Amino acid sequence: MIESRFDTTDVTPEDRFDCWREAIEKTHAPISITSDHTEDFLGRQHLMMLDGILVWPTVFQPVVFERSAKQIRASDPECYHLSLVRSGRLEVDSQGKASDVRRQEISVVDTSRPFRIRSAWGLSKQVGIGIEIPKAALDLPVDEMDELIGRKMTARKGYGALLLGFVSQLSKDASCYGPHDGQRLAAVTRDLISGLFSQSLEADDGLSHETRENLLALRVEEFIRSRLGDARLTPQVVAQANSISTSYLHRIFRARGVTVNAWIREQRLAGARRDLMNPDLGSVLIYRVSQKWGFSSPAVFSRAYRDFYGVSPRETKEGVGAL
């Protein structure tokens, strides 16, 4: 994974908009950018290149992006550009369709087609995550995708919610990933986008068997994470909730080199460790942490924690207090 960051506060006020515009132009398809805030523009972006897929969390003041037919003739990377809105508003015009895209919604435009995006109009700033993915990276035919261009999709549920959650977490802390993780992270991003588009087109049959299995695994993992605090969470419960057999569930996790129960336990232990190491939770008793993360008893939690991390929960908690 390749990363870079840019913040307009690092340059003089009169140069901020021009520098931000140049930073955008270096990494995206040719585009015209205008704003009423050019005298002291505030914006920042965090670029992450994942094996050909560009993910860029960004915050900026109101601007207008326009891509013309002339710019397309000059250069076209043949990508889809997704805008995931965390706060703000996008007015998107493309392919004769107009969309008003708000919080927890997603828009998609095609770099091969002219478009106009007016962002944060009437608001102080736009906060979101952009993703550019080559068309060739997706399973769906380009002619079917025409139906989605200029439309908006939800990020409140389904694959949109999974995609927003994944890239939000990635942008929050990318330090734990190394240079060679880009390919794996790109595969997850690609599968989630394929699922989002397929779900919006109701064209699941267009996805490859591998992509469908990967999407199912991601959906199952998200289901488990949302219920780690439930001590009654079992493979049978997970399988039933996701409309698959228990044997199929076990097969999905075996393909990833882990059992279902072991994966659930590791996620619980990781959550408990984060709480134990959080100085703001120093007054929370250890047995409360074990309850929060779904362990049947403090003894079971302590034994599992020591086996996995080599120290006791108390030693972890006291180590934070000693810092």
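The structure presented is a predicted model; accordingly, all values stated were derived computationally and were not measured.
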Have [X] and [Y] got a donor and an acceptor in their side chains that come within less than 3.5 Å?
X      : Y      : value
Ser194 : Asp191 : no
Thr154 : Glu105 : no
Glu213 : Tyr248 : yes
Asn261 : Thr259 : no
Ser112 : Lys135 : yes

*Test of ring centre spacing under 6.0 Å for Trp20 and Phe6*: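 Not close enough - the centres of the two rings lie 6.0 Å or further apart.
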Does [Y] offer a backbone N or O that forms a donor-acceptor pair with the side chain of [X] under 3.5 Å?
X      : Y      : answer
Ser302 : Ala299 : no
Thr8   : Gly43  : yes
Ser119 : Val63  : yes
Thr38  : Ser35  : no
Arg116 : Asp93  : no
Arg227 : Arg232 : no
Lys317 : Ser312 : no
Asn242 : Val238 : yes
Thr111 : Cys79  : yes

*Residues forming a salt bridge (Lys or Arg N to Asp or Glu O under 4.0 Å) with Asp36, sequence neighbours excluded*: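 Listed in chain order: nothing, the list is empty.
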*How would you list, by chain and number, every residue that makes a salt bridge (Lys or Arg N to Asp or Glu O under 4.0 Å) with Arg219, sequence neighbours excluded?*
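Partners of Arg219 by the salt bridge (Lys or Arg N to Asp or Glu O under 4.0 Å) criterion come out as none, since no residue qualifies.
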Can a salt bridge be assigned to the pair [X] and [Y] using a cut-off of 4.0 Å between side-chain N and carboxylate O?
X      : Y      : result
Asp146 : Arg113 : yes
Arg102 : Asp100 : yes
Asp76  : Arg67  : yes

*More than 12 heavy atoms of other residues, nucleotides or ligands under 6.0 Å from CZ of Arg314: is that the case?*
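Counting neighbours around CZ of Arg314, 12 or fewer heavy atoms of other residues, nucleotides or ligands fall under 6.0 Å, so no.
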*Any Leu138 side-chain heavy atom under 4.5 Å of Phe197 side chain*: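 Side-chain contact under 4.5 Å: yes.
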*Is Leu201 close to Glu147 at the side-chain level, that is, under 4.5 Å between some pair of heavy atoms?*
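Yes. Closest side-chain heavy atoms under 4.5 Å.
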_Geometric cation-pi criterion Arg273 and Tyr305, 6.0 Å radius, 45° cone_ =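 Judged by the rule, Arg273 and Tyr305 form no cation-pi pair.
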_Residues forming a side-chain contact (heavy atoms from CB on, under 4.5 Å) with Val237, sequence neighbours excluded_ =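 Testing Val237 for side-chain contact (heavy atoms from CB on, under 4.5 Å), a comparison that skips the adjacent residues, returns Leu233, Thr234.
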